Amino acid sequence: MDLDLLQRFAIGEIDAFEALTRQFQGEIYSWIVRIVRDSGAAEDLTLETLWRIYRARHQFRPDGNFGAWARRIATNLAIDHLRRKRPEEGLMTEPAGAPPPDPLVQQETRTKIQMEFRGLPAKLQMAATLALIEEQPYEEIADALGTSVGAVKLRVFRAVRILRKRLNRLGIKPA
Amino acid sequence: MTEDDGRKMRDALKKSFPPVNTALRRDLWPQVLRRLEDRPARVPWYDWALVGLSAAMFLAFPRLILVFAYHL
């Protein structure tokens with residue numbers, strides 16, 4: 001990464017911030033949309049992330065990893081969004097030219113799984129989304145959350161355990 | 001929880017949540033710039049609190065002004 005560009009960003013040069021925005025906006029959006037699974041919300045959160053990045057520029061060390069720093073800010077915003085969002089609002093998922101859903105998993109069951117999953121605590125939901133649905137490496141998730149790989153694994157484990165209990169109560173057994 | 005249970009849950013989740021399109025469809029810079037221009041730099045509340053506290057101190061103890069001026 002261009003050290004000069006990062007130094008100019010840290011002192012508040014708009015041109016440097018523009019260059020970084022254009023370079024990282026796609027990456028930030030892609031990370032956020034994987035967590036919140038809603039393109040409109042992900043765009044808004046990407047904008048907010050960029051705004052916060054600019055406001056926090058004085059805290060950024062130019063010899064640091066800009067991408068990882070940006071991702072941490074994005075992750076915190078995405079978690080806040082999950083906290084605010086009620087489970088029933090989380091049913092919108094946008095297929096991206098997705099393969100047709102497995103006929104064995106019925107629509108009703110999928111809806112119930114989505115609802116129960118959206119009802120998990122935000123941090124557990126986020127870790128499980130990235131680890132199980134998006135199959136992101138645990139190291140990347142841990143870095144974005146500013147925690148250890150062990151802590152992420154524990155969150156995923158807890159998410160699965162809670163979800164299984166709730167689904168069992170509804171008579172759903174993942175097969 | 002067995003490994004098999006974990007795998008079943010992962011498969012069920014993957015089937016319930018279709019893949020999302022992770023590509024950003026437009027350049028966000030124009031909006032970021034507009035937002036930067038719309039929001040003038042604000043003085044944080046603690047700066048105002050500090051100014052108020054200093055003013056109160058100077059009113060209560062005017063001699064502090066001399067001490068303060070000496071240290072400038």
Side-chain angles (χ1 to χ4, degrees), chain A residues 14 17-18 21-22 25-39 42-43 46-48 50-51 53-55 93-102 104-105 109-117 128-129 131-135 156-157 159-161 163-164 167 172-175, chain B residues 1-61 64-72:
Chain A
I14 290 286
F17 180 49
E18 179 182 356
T21 295
R22 291 198 197 279
Q25 60 182 348
E27 197 179 303
I28 295 169
Y29 172 82
S30 144
W31 182 256
I32 292 174
V33 80
R34 283 188 167 103
I35 301 169
V36 302
R37 313 193 80 74
D38 173 341
S39 59
E43 265 193 29
T46 304
L47 268 174
E48 185 62 28
L50 292 165
W51 168 245
I53 284 173
Y54 186 71
R55 276 200 317 183
T93 48
E94 297 170 2
D102 190 325
L104 294 174
V105 180
T109 305
R110 289 207 316 267
T111 304
K112 283 179 181 168
I113 292 176
Q114 285 178 9
M115 283 208 49
E116 293 304 324
F117 188 74
T129 301
L132 302 177
I133 302 172
E134 293 296 330
E135 299 187 274
V156 174
F157 176 83
V160 169
R161 199 176 52 184
L163 189 60
R164 175 174 299 104
L167 292 178
I172 299 169
K173 207 168 159 62
Chain B
M1 184 177 81
T2 66
E3 203 171 296
D4 191 43
D5 285 342
R7 187 186 51 74
K8 282 179 184 170
M9 186 60 81
R10 191 188 60 216
D11 290 348
L13 285 173
K14 281 179 84 76
K15 284 170 189 166
S16 302
F17 290 92
V20 285
N21 186 349
T22 58
L24 182 60
R25 285 170 290 196
R26 62 195 178 91
D27 180 17
L28 296 179
W29 174 248
Q31 264 181 281
V32 175
L33 190 61
R34 214 173 308 134
R35 199 163 169 184
L36 288 176
E37 287 164 352
D38 285 350
R39 292 200 194 182
R42 277 176 37 202
V43 180
W45 66 268
Y46 41 83
D47 281 352
W48 287 115
L50 196 64
V51 169
L53 193 68
S54 306
M57 289 284 283
F58 292 147
L59 277 174
F61 309 103
L64 276 180
I65 296 172
L66 296 175
V67 177
F68 183 72
Y70 175 79
H71 285 286
L72 280 180

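Since the model is a prediction, treat every value here as computed from it, not as a measurement. Just so you know, these numbers use all the heavy atoms, side chains as well, and skip hydrogens, waters and symmetry mates. So you know, we letter chains A, B, ... as the sequences are listed, proteins then strands, and number each from 1.
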A:Leu50 versus chain B, the contacting section by heavy-atom distance below 4.5 Å: side chain
B:Lys15 bridged to B:Asp11 by N-O distance under 4.0 Å: no
So, B:Arg25 versus A:Ser39: side-chain donor-acceptor pair below 3.5 Å or not? yes
A:Leu167, A:Ile28, A:Ile14, A:Thr46: which one forms the most heavy-atom pairs within less than 4.5 Å of chain B? A:Ile14
Nearest heavy atoms of B:Trp29 and A:Arg22, plus distance in Å: CD1-NH2, 3.2 Å
Let me know if A:Glu27 has heavy atoms under 4.5 Å from chain B in its side chain, its backbone, both or neither. neither
Ion pair present between A:Glu48 and B:Arg35, side-chain N to carboxylate O less than 4.0 angstrom? yes
